[in-house]
Amino acid sequence: MGWDGYRVRVLHQRRPGQLEWSVSSVQTTCRILVGYPVLGPKVHIHNGRFYMFATFAKSAHTRPRGVAVLVPDDATGPFEPWSDGPVTPIGQPCVDGTLHVDADGNPWLIYGRGAEGTPRGEAGISDGEMYALRLSPDLKSPVAEPILLFRASSASWSVPMRFPDGGEPPEELNLAKDPRFTDGPFVVQAPGTPLRMLWSSHGKNGYTLGVATSASGLITGPWVQHDETLWGRQRRPRDDPPHNKRAGLPRLPHPQ
């Protein structure tokens, strides 16, 4: 199994804040067990080594989705299993894990628990949740219980996802009715700036990317949601985020 990846090389800076770059395609490979679909891979460098955090699920829907860790010898793979299965709670559907290392050097897995239910069990939660899970120094296992950071409804722009008539989701997902979901977290902090998290949910016009800021400066929060979104279909009527080489990201808004 593999994913398409990209190498980006900055060519020159035309003027402050405006860069020109070239992009070339590479393919990243991953060796996994047959029957385990993979979603949302994210690759980080930690202590001089590449680590991939990917969401795995059994194709037979006998186990909820969970986030596992893989490692390669090179950024292009192949990536081999590193953790012994998911590092997230086995009985809960968990998706889109990403790595954050705090100021003390402690690694944390940030992940979402969304609308998906357990296979042939309880329905998913109706208000998606975002969690932080402290990991061991080698990133192979958790060392504490997950900490709830926030729920999707804490963002003013997040709305329930309603399916049109005849467009019901697959029954095996066991979704909650009209759920709000939490997807794709990514933690960012430039020198001298607050700790922020980019994350996604359903907005009034579809898939939307929002911003939250940690009031304490710690990964445990509390997290303050920005009312203004970073990206959504109301800003660009295409299905994909802006990726033209001359397109710039909007400035991160301040919380209201």
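All values below come from the heavy atoms of this structure, side chains included, with hydrogens, waters and symmetry mates left out.
In terms of hydrophobic clustering, with Ile, Leu, Val, Met, Phe, Trp and Tyr side chains grouped at heavy-atom distances under 4.5 Å, Leu195 and Ile147 are assigned to a common cluster. The hydrophobic cluster containing Leu135 does not contain Ile110, counting ILVMFWY residues as joined when their side-chain heavy atoms lie under 4.5 angstrom apart, directly or transitively. In terms of hydrophobic clustering, with Ile, Leu, Val, Met, Phe, Trp and Tyr side chains grouped at heavy-atom distances under 4.5 Å, Leu149 and Trp108 are assigned to a common cluster. Hydrophobic clustering (side-chain heavy atoms under 4.5 Å, transitive across Ile, Leu, Val, Met, Phe, Trp, Tyr) keeps Val159 apart from Leu209. Connection of Trp231 to Leu198 is established within a shared hydrophobic cluster, with ILVMFWY side chains joined at heavy-atom distances below 4.5 Å, either directly or through further cluster members.
Rounded to the nearest 0.5 Å, atoms NE2 (His202) and CG (Asp178) are 10.0 Å apart. Atom CE of Met52 is separated from atom CZ of Phe79 by 4.0 Å, given to the nearest 0.5 angstrom. Here the CG-CG distance, from Leu109 to Leu99, works out to 7.5 Å after rounding to the nearest 0.5 Å. The distance from atom CE of Met130 to atom CG of Asp183, rounded to the nearest 0.5 Å, is 7.5 Å. With rounding to the nearest 0.5 angstrom, the CZ atom of Arg162 is 8.0 Å from the NZ atom of Lys177. Note that CZ of Phe50 is 15.0 Å distant from CH2 of Trp82, once rounded to the nearest 0.5 Å.
Side-chain atoms of Thr182 come within 3.5 Å of backbone N or O of Glu129 as a donor-acceptor pair. Looking only at distances, a side-chain donor or acceptor of Asp102 sits under 3.5 Å from a matching main-chain atom of Gly105. Although no hydrogens or angles enter the test, the distance criterion places a donor-acceptor pair under 3.5 Å between the side chain of Thr208 and the main chain of Gly206. Checked by atom type and distance alone, the side chain of Ser83 pairs as donor or acceptor with a backbone atom of Val69 at under 3.5 Å. With Thr213 contributing its side chain and Arg196 its backbone, the two residues share no donor-acceptor pair below 3.5 Å. Ser136 places no side-chain N or O within donor-acceptor distance of the main-chain N or O of Val143, the cut-off being under 3.5 Å.
Of all non-hydrogen atoms in Arg49 and Pro72, the two that sit nearest each other are NE-O, 4.0 Å. Shown here for Gly124 and Ala176, the closest heavy-atom pair between the two residues is O-CB, 3.0 Å. In terms of heavy-atom proximity, Asp227 sits nearest to Ser156 at OD1-OG, 2.9 Å. Across Pro137 and Pro107, no two heavy atoms sit closer than the pair CA-CG, 4.3 Å. Closest approach of Pro146 and Pro89 over heavy atoms only: CG-CG, 3.8 Å. Here the closest non-hydrogen pair linking Gly221 and Ser216 is O-OG, 2.5 Å.
The number of heavy atoms from other shown groups lying within 6.0 Å of CG (Asp73) does not exceed 12.
When each of Val67, Thr88, Leu70, Val95 is paired with Phe56, the side chain to side chain contact (heavy atoms under 4.5 Å, CB included) condition holds for Leu70 and for no other.
Looking only at side-chain heavy atoms (C-beta outward), Lys42 and Asp96 come within less than 4.5 Å of each other. In this structure the side chain of Val87 never reaches within 4.5 angstrom of the side chain of Phe53, judged on heavy atoms.
Ring orientation note: the planes of Tyr131 and Tyr111 are close to parallel, at an angle under 30° on the 30°/60° scale.
Counting only residues at least two apart or in different chains, salt bridge (charged side-chain N to carboxylate O under 4.0 Å, His left out) contacts with residues 207-222 are absent.
For the side-chain contact (heavy atoms from CB on, under 4.5 Å) test, residues two or more places apart in sequence or in another chain that qualify with Ser158 are Ala152, Ala155, Arg180, Ser201. In terms of the ring pair (Phe, Tyr, Trp, His ring centres under 6.0 Å) criterion, residue partners of Trp157 (sequence neighbours excluded) are, by chain and number, Trp199.
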